Amino acid sequence: MTERSSTVYRCFMGRPRAFDEDEAVRAAVGLFGGRAYDGVSIDDLVTRLGVHRNSLYKTFGSKRGLYLVALRRHLADDVSPLVDALAAASDAGTALRLVTSADLGLLLLAAVERAPADEEVAAEVAIALTAIDQAIANALGISTALATALTAAALGMLLRGDPDGAGTALTQRLDPLD
């Protein structure tokens with residue numbers, strides 16, 4: 001390779017990535033978790049993540065590609081620790097409080113908005129919800145069906161807030177499970 005050819009080669013090489021992919025994915029988790037997939041435009045992503053449109057496409061392939069990476073990050077960073085904490089729950093009230101205090105926005109939006117239309121998202125959501133159900137069932141020594149009902153109640157309260165102290169009332173009713 002001559003001096004001239006190596007100079008030409010260096011000039012045509014792609015620029016090094018100018019953004020932190022990890023930080024971009026974390027920001028995408030927050031954006032998708034707050035506004036859902038359809039509520040986030042490519043322009044929103046470019047602005048919030050601080051990346052160029054071409055860099056976003058080159059790194060993640062598409063908005064959906066970034067969404068899947070963000071969803072998986074959310075499951076690893078937010079849902080997995082919840083599952084671990086649930087596995088150590090000593091009673092139904094603790095399990096209920098753990099679920100209702102967790103940051104599960106992206107999981108819930110994925111379940112409602114994307115899972116019905118996207119098999120890959122549906123599979124990720126199903127795995128996560130099954131892990132939550134199983135952790136509760138194992139920790140409390142109850143059937144998976146009952147744990148699934150408890151998870152559904154907790155997620156419903158997370159979605160609705162705690163109208164009229166429903167969480168307290170439900171926790172008191174769940175005491176016989178302990």
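This structure is a prediction, so every number in the text was calculated from the model and none was measured.
- By the criterion of side-chain heavy atoms lying less than 4.5 angstrom apart, applied directly or through intervening Ile, Leu, Val, Met, Phe, Trp or Tyr residues, Leu159 is grouped together with Leu96 in one hydrophobic cluster.
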**Request:** Could you check Leu71 against Arg114 for side chain to side chain contact (heavy atoms under 4.5 Å, CB included), going step by step and ending with a plain yes or no?
**Result:** CA-CA 11 Å; Leu71 177 60; Arg114 298 301 308 156; over 6 Å; no
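- Every pair passing salt bridge (charged side-chain N to carboxylate O under 4.0 Å, His left out) that includes a residue from residues 34-49 is listed here, sequence neighbours excluded: Arg35-Asp44, Asp43-Arg53.
- With Leu66 as reference, Leu49 is the one residue of Leu49, Thr59, Val51 to meet the side chain to side chain contact (heavy atoms under 4.5 Å, CB included) rule.
- In terms of hydrophobic clustering, with Ile, Leu, Val, Met, Phe, Trp and Tyr side chains grouped at heavy-atom distances under 4.5 Å, Ile42 and Phe60 are assigned to a common cluster.
- Interatomic distance, Leu45 CG to Leu56 CG, rounded to the nearest 0.5 Å: 6.0 Å.
- For Ala147 against Ile136, the heavy-atom pair with the smallest separation is CB-CG2, 3.8 Å.
- Side-chain N or O atoms of Ser101 include one that pairs as donor or acceptor with a backbone N or O of Leu98 at under 3.5 Å.
- Under the 4.5 Å side-chain heavy-atom criterion for ILVMFWY residues, a single connected hydrophobic cluster contains both Leu31 and Tyr57.
- For Asp77, the salt bridge (charged side-chain N to carboxylate O under 4.0 Å, His left out) test picks out Arg73, with sequence neighbours left out.
- In this structure, a donor-acceptor pair under 3.5 Å is present between the side chains of Thr148 and Asp133.
- Counting heavy atoms from C-beta on, the side chains of Asp78 and Leu107 never come closer than 4.5 Å.
- Between Ala76 and Pro81, the shortest heavy-atom contact is O-CD, 3.4 Å.
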**Message:** Checking Tyr67 against Val121 for the side chain to side chain contact (heavy atoms under 4.5 Å, CB included) test, could you report, in this order, the C-alpha distance in whole Å, the side-chain angles of both residues, the deciding distance, and whether it holds?
**Reply:** CA-CA 9 Å; Tyr67 179 82; Val121 172; 3.8 Å; yes
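- Scanning for salt bridge (charged side-chain N to carboxylate O under 4.0 Å, His left out) contacts around Glu113 gives an empty result, with sequence neighbours left out.
- Here the CG atom belonging to Leu155 is positioned 9.5 Å from the CG atom belonging to Leu150, to the nearest 0.5 angstrom.
- In this structure, CG in Asp91 is found 3.5 Å from OG1 in Thr94, a value given to the nearest 0.5 Å.
- The line from CD of Glu120 to CG of Leu68 is 4.5 Å long, rounded to the nearest 0.5 Å.
- Looking at every heavy atom in both residues, Ala139 comes nearest to Ala87 through CB-O, 3.4 Å.
- Of all heavy-atom pairs between Val25 and Ala70, the closest is CG1-CA, 4.0 Å.
- Hydrophobic clustering (side-chain heavy atoms under 4.5 Å, transitive across Ile, Leu, Val, Met, Phe, Trp, Tyr) groups Val125 together with Ile132.
- In this structure, Tyr37 and Phe32 have parallel ring planes: the angle between them is below the 30° cut-off, well short of the 60° mark.
- In this structure, CG on Leu75 lies 9.5 Å from CG on Leu104, to the nearest 0.5 angstrom.
- Within the 4.5 Å cutoff, no side-chain heavy atoms of Leu82 are placed close to those of Asp103.
- Ser143 and Ala137 get closest at one heavy-atom pair: O-CB, 4.0 Å.
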